[in-house]
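The structure under discussion appears below in the form of structure tokens.
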Amino acid sequence: MADKSKPEARVSGAPRGTSGGTGPTDLQDTTREGISRRRLLGTAGATGLVLGTAGAAAGYAAAPSSAATPLTSVGSEQVMFHGKHQPGITTPMQARGHLIAFDLAAGAGRKEAAALLRRWSDTARRLMAGEPAGSGDTDVARDAGPSSLTVTFGFGHSFFTRTGLEKQRPVALDPLPDFSSDHLDKNRSNGDLWVQIGADDALVAFHALRAIQKDAGSAARVRWQMNGFNRSPGATAHPMTARNLMGQVDGTRNPKPSDTDFEKRVFVPGDPGADGGNQPAWMANGSYAVVRRIRMLLDDWEKLSLQAQEEVIGRRKSDGAPLTGGTETTEMDLEKTDAAGKLVVPINAHARITRPDQNGGAAMVRRPFSYHDGFDADGVPDAGLLFICWQADPLRGFVPVQRKLDRGDALSQFIRHEASGLFAVPGGAAEGEYVGQRLLEG
């Protein structure tokens with residue numbers, strides 16, 4: 001099997017209903033017929049996209065490419081379902097996303113969960129190849145290609161109790177600690193099962209969401225569901241790091257698969273004993289996803305002057321460069337002062353607090369979606385970030401950074417954490433397998 005530690009293999013120009021080819025491709029080296037189709041990525045963190053959860057200290061988004069993707073090619077992009085890791089972790093950011101959590105139905109246990117994951121995996125494999133979901137397909141995506149569709153599955157803490165698999169529950173899945181910035185809605189948090197769906201076409205993404213929900217049948221019921229979006233490939237005149245709903249360039253300092261320690265930081269080792277025996281064998285090549293719905297208090301944020309906004313973040317809003325000068329990728333000078341002896345990057349600036357070297361090297365793949373769920377009765381926008389981060393161990397990734405942000409991040413007064421979840425995401429399914437098979441049939 002090909003090594004999928006690099007971003008998931010993507011197939012270009014595959015006719016609908018065919019595999020279109022095989023083999024891994026590098027995010028920055030994929031071409032078709034001589035035309036570069038390198039993806040516009042981003043939305044993770046020049047501002048520490050984590051927005052109070054992991055800042056530039058810990059994210060990943062592939063670097064912008066040198067040529068924009070023609071919109072006419074968006075539908076032909078295909079991500080492979082089978083592989084070392086599940087898709088949707090190192091896949092380039094997609095334009096549309098859906099997150100959905102399920103609880104197993106009363107009386108449903110390990111047997112029903114196994115049958116459900118088998119159905120879900122088969123549906124995901126079909127849809128990611130641009131094929132119909134099977135019998136009863138709704139035809140919502142009938143005219144579209146795969147459009148970079150990915151479907152990713154994870155297990156919550158409660159899943160192991162419901163299925164009698166408590167002895168197989170990883171220590172890393174212990175509940176997250178309470179944070180002072182939390183205002184969590186328990187009805188929109190956690191869950192037995194979690195599914196992440198991403199695509200570069202809204203109808204393709206919805207089609208997958210509907211198929212997954214229908215496949216659940218009587219085995220599981222929806223606990224909560226959230227919708228998100230990002231900039232579409234080819235939307236800008238030239239490739240650039242994306243922006244979040246605060247208008248900040250977001251994704252500058254994210255780790256890359258080319259980093260020597262990327263695999264170790266993001267994925268559970270393939271050898272169960274390589275991490276001191278703390279990880280169960282079924283989690284080999286898997287990862288842990290922290291999911292947070294972070295509301296941005298945009299009315300308050302937009303009242304700030306441009307200078308005040310930049311001081312909160314520690315970067316220029318125009319191009320994402322640090323306030324200490326240079327370009328977006330220039331290293332920030334944390335000791336630089338102005339003529340009055342004042343730190344150019346404030347001591348509580350988000351970009352300062354979230355740097356890896358300020359957090360013992362804590363790092364994670366941050367791969368979020370923005371969201372807008374309308375307005376409340378007072379006309380205040382319900383908008384912000386569906387924050388998703390990936391790491392080999394949340395106790396060494398997300399938790400230490402969030403604790404530090406809790407102690408004095410300038411951005412904290414402009415955001416509110418309203419929902420949270422932690423999920424164990426097993427490694428990818430090999431040909432003929434379904435996701436989670438090594439747990440459910442082990």
Side-chain angles (χ1 to χ4, degrees), residues 17 81-82 86-88 96-142 144 146 149-166 168-169 186-199 202-227 282 286 289 291 419 421 423-426 428-442:
F81 174 74
H82 295 293
Q86 285 198 60
R96 192 69 180 178
H98 299 293
L99 309 180
I100 184 167
F102 295 83
D103 286 334
L104 291 173
R110 182 174 176 176
K111 178 181 178 181
E112 290 76 15
L116 175 56
L117 266 297
R118 189 179 294 110
R119 291 195 300 273
W120 274 352
S121 295
D122 183 63
T123 294
R125 177 187 59 79
R126 289 172 176 270
L127 295 181
M128 286 174 57
E131 301 172 2
S135 60
D137 188 270
T138 61
D139 282 342
V140 172
R142 183 182 183 90
L149 175 68
T150 59
V151 186
T152 316
F153 303 103
F155 305 118
H157 186 274
S158 57
F159 176 82
F160 297 84
T161 302
R162 300 293 304 278
T163 56
L165 292 166
E166 292 97 332
Q168 291 296 321
R169 182 164 51 210
K186 293 184 178 180
N187 293 325
R188 292 195 295 180
S189 299
N190 301 311
D192 294 342
L193 293 156
W194 175 71
V195 185
Q196 173 192 254
I197 296 168
L203 286 179
V204 168
F206 176 81
H207 182 233
L209 174 68
R210 182 63 176 143
I212 290 296
Q213 186 266 324
K214 289 174 64 179
D215 275 352
S218 60
R221 59 179 177 81
V222 175
R223 178 179 177 87
W224 54 260
Q225 196 265 311
M226 302 174 188
N227 307 312
W282 66 267
V291 181
F423 303 95
V425 177
E431 294 281 352
E433 288 185 349
Y434 63 86
V435 174
Q437 184 169 335
R438 282 163 280 179
L439 167 66
L440 293 165
E441 298 185 14

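These numbers come from a predicted model, not from an experiment. Residue indices begin at 1 and follow the sequence shown.
- Residues V151 and M128 come closest through the heavy atom pair N-SD, 3.8 Å.
- In this view, E433 and A429, A430, Q437, R438 satisfy the side chain to side chain contact (heavy atoms under 4.5 Å, CB included) rule, not counting sequence neighbours.
- Here the options are F423, F155, W120, the test is ring-ring contact (aromatic ring centres under 6.0 Å, His included), and the partner is F102; only W120 passes.
- Here the OG1-NZ distance, from T163 to K111, works out to 15.0 Å after rounding to the nearest 0.5 Å.
- Atom NE2 in H82 sits 6.0 Å away from atom CZ in R125 (nearest 0.5 Å).
- For L127 against A208, the heavy-atom pair with the smallest separation is CD1-CA, 3.7 Å.
- Atom CD in Q196 sits 9.5 Å away from atom CD in Q86 (nearest 0.5 Å).
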- [ ] Walk me through it: do H207 and D137 pass the test side-chain contact (heavy atoms from CB on, under 4.5 Å)?
- [x] CA-CA 9 Å; H207 182 233; D137 188 270; 2.9 Å; yes
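- Classification of E441 and R118 as a salt-bridged pair holds, one side-chain N sitting under 4.0 Å from a carboxylate O.
- In this structure a side-chain-to-backbone donor-acceptor pair under 3.5 Å is missing from T150 to P87.
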Counting only pairs under 3.5 Å, give me each side-chain donor-acceptor contact of residues 215-224, with atom names and distances, residues two or more places apart or in other chains.
residue : atom : partner : partner atom : Å
D215    : OD2  : T123    : OG1          : 2.5
R223    : NE   : S189    : O            : 2.7
R223    : NH1  : D103    : OD2          : 3.0
R223    : NH2  : K186    : O            : 3.0
R223    : NH2  : S189    : O            : 3.3
W224    : NE1  : N190    : O            : 2.8

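- Between the OG1 atom in T152 and the CD1 atom in I197 there is a gap of 9.0 Å [rounded to 0.5 Å].
- The two residues R188 and A419 have their closest heavy-atom pair at O-CB, 3.1 Å.
- The aromatic rings of F160 and W282 sit tilted relative to each other, their planes meeting at an angle between 30° and 60°.
- Pairing each heavy atom of F153 with each of P426, the nearest pair is O-CD, 3.7 Å.
- Counting only heavy atoms from C-beta outward, the side chains of H98 and I212 never approach each other to under 4.5 Å.
- Between the side chain of R110 and the backbone N or O of L165 there is no donor-acceptor pair closer than 3.5 Å.
- Under the 3.5 Å distance criterion, the side-chain polar atoms of E112 are matched with a main-chain donor or acceptor of G109.
- In terms of the side-chain hydrogen bond (donor to acceptor under 3.5 Å, both in side chains) criterion, residue partners of S158 (sequence neighbours excluded) are, by chain and number, D192.
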TODO: Give the intermediate values and the outcome of side-chain contact (heavy atoms from CB on, under 4.5 Å) for residues Q168 and L439.
DONE: CA-CA 8 Å; Q168 291 296 321; L439 167 66; 3.7 Å; yes
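- Between the CZ atom of R142 and the CG atom of L203 there is a distance of 14.0 Å, given to the nearest 0.5 Å.
- The shortest distance between side-chain heavy atoms of L99 and Q225 does not fall below 4.5 Å.
- Across all their heavy atoms, L104 and R162 have their closest contact at O-NH2, 2.9 Å.
- For the pair T138 and F206, the minimum side-chain heavy-atom distance is 4.5 Å or more.
- Ion pairing between a basic and an acidic side chain is recognised when a charged N comes within 4.0 Å of a carboxylate O; D122 and R119 show no such pairing.
- Taking all atoms of both residues into account, the shortest heavy-atom contact from T161 to E166 is CA-OE2, 3.7 Å.
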